[in-house]
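What follows is a single structure, written as structure tokens, with notes after it.
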Amino acid sequence: KQEVTQIPAALSVPEGENLVLNCSFTDSAIYNLQWFRQDPGKGLTSLLLIQSSQREQTSGRLNASLDKSSGRSTLYIAASQPGDSATYLCAVRANAGGTSYGKLTFGQGTILTVHP
Amino acid sequence: GAGVSQSPSNKVTEKGKDVELRCDPISGHTALYWYRQRLGQGLEFLIYFQGNSAPDKSGLPSDRFSAERTGESVSTLTIQRTQQEDSAVYLCASSPQAGVGETQYFGPGTRLLVL
């Protein structure tokens, strides 16, 4: 059974700092890995998706890396801003097969607070 | 266009009562997913629909939980005889197909509190 763990559970930083969020998963047979942002009272917003054959993806101040063999991913946020405050969720998608199409396994999230 | 919508946004109920949660997927999306998020936890997969059938119900926590989908559109998640441990945010997502390469689009969730 796939298990996804995120560290730290919570993080509070001053504005402008660079920071790293960590995600680990137990089964390396994944199709892709995705980072989401969750704001209170709103749905999840997809930030970055890394296919299993890829090493990293970048979008603006965000960079996500994937080391499938070791079961790890990191989300790097550069020059953090108060508007980055949210819960960040990591999710892995199982390979095709059986009835597991599209099934995502989520970590418990990292609550990020960026204060001015 | 319109995204995934869910209703109600908040629901408070008494232990032992039945509740129904509704999800309206993006029009034309054939796959629909239900997840549960307990306080401080990640999302737990409950069930997914391809059309009106549910190939994977493996995440439903007990027989008090059931879901249906009609017209390849609206889905209803029903919880019978609610318990306090059912308190959570219930999130729905949809995707054009059910394939592994498909992006899932999430609704805002229904926050359920069982007293």
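Each chain gets a letter, A, B and so on, in the order the sequences are listed, and its residues count up from 1.
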Can you tell me which residue pairs pass the disulfide bond (SG atoms under 2.5 Å apart) test with a partner in residues 12-51 of chain B, sequence neighbours excluded?
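Pairs touching residues 12-51 of chain B that pass the test: Cys23(B)-Cys92(B).
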What's the spacing between Gln108(A) CD and Gln37(B) CD if we round to 0.5 Å?
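Reported value, rounded in 0.5 Å steps: 11.0 Å.
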Within the supplied structure, the quantity of interest is the number of heavy atoms (other residues, nucleotides, ligands) at a distance under 6.0 Å from [X] [atom1]; does it exceed 12?
{"X": "Glu14(B)", "atom1": "CD", "answer": "no"}
{"X": "Arg55(A)", "atom1": "CZ", "answer": "no"}
{"X": "Leu39(B)", "atom1": "CG", "answer": "no"}

Part of [X] lying under 4.5 Å from any heavy atom of chain A:
{"X": "Gln50(B)", "answer": "neither"}
{"X": "Leu91(B)", "answer": "side chain"}
{"X": "Ser58(B)", "answer": "side chain"}

With a 4.5 angstrom heavy-atom cut-off, is it the side chain or the backbone of Gln6(A) that approaches chain B, or both, or neither?
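Looking at Gln6(A), nothing touches chain B.
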What part of Leu89(A) lies closer than 4.5 angstrom to a heavy atom of chain B: side chain, backbone, both or neither?
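Answer is side chain: those atoms of Leu89(A) sit under 4.5 Å from chain B.
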So, Gln34(A) and Gln104(B): side-chain donor and acceptor under 3.5 Å apart, yes or no?
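Absent: no donor and acceptor within the cut-off.
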Qualifying residue for side chain to side chain contact (heavy atoms under 4.5 Å, CB included) with Leu104(A), from Tyr48(B), Tyr35(B), Tyr33(B)
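The single option meeting the side chain to side chain contact (heavy atoms under 4.5 Å, CB included) with Leu104(A) is Tyr35(B).
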Look at the side-chain heavy atoms of Ile, Leu, Val, Met, Phe, Trp and Tyr, link any pair under 4.5 Å apart, and say whether [X] and [Y] land in one connected group.
{"X": "Leu66(A)", "Y": "Leu21(A)", "value": "yes"}
{"X": "Leu77(B)", "Y": "Val4(B)", "value": "no"}
{"X": "Leu75(A)", "Y": "Leu49(A)", "value": "no"}

Closest heavy-atom contact between Leu44(A) and Phe106(B)?
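Looking at all heavy atoms of both residues, the shortest contact is N-CB, 3.7 Å.
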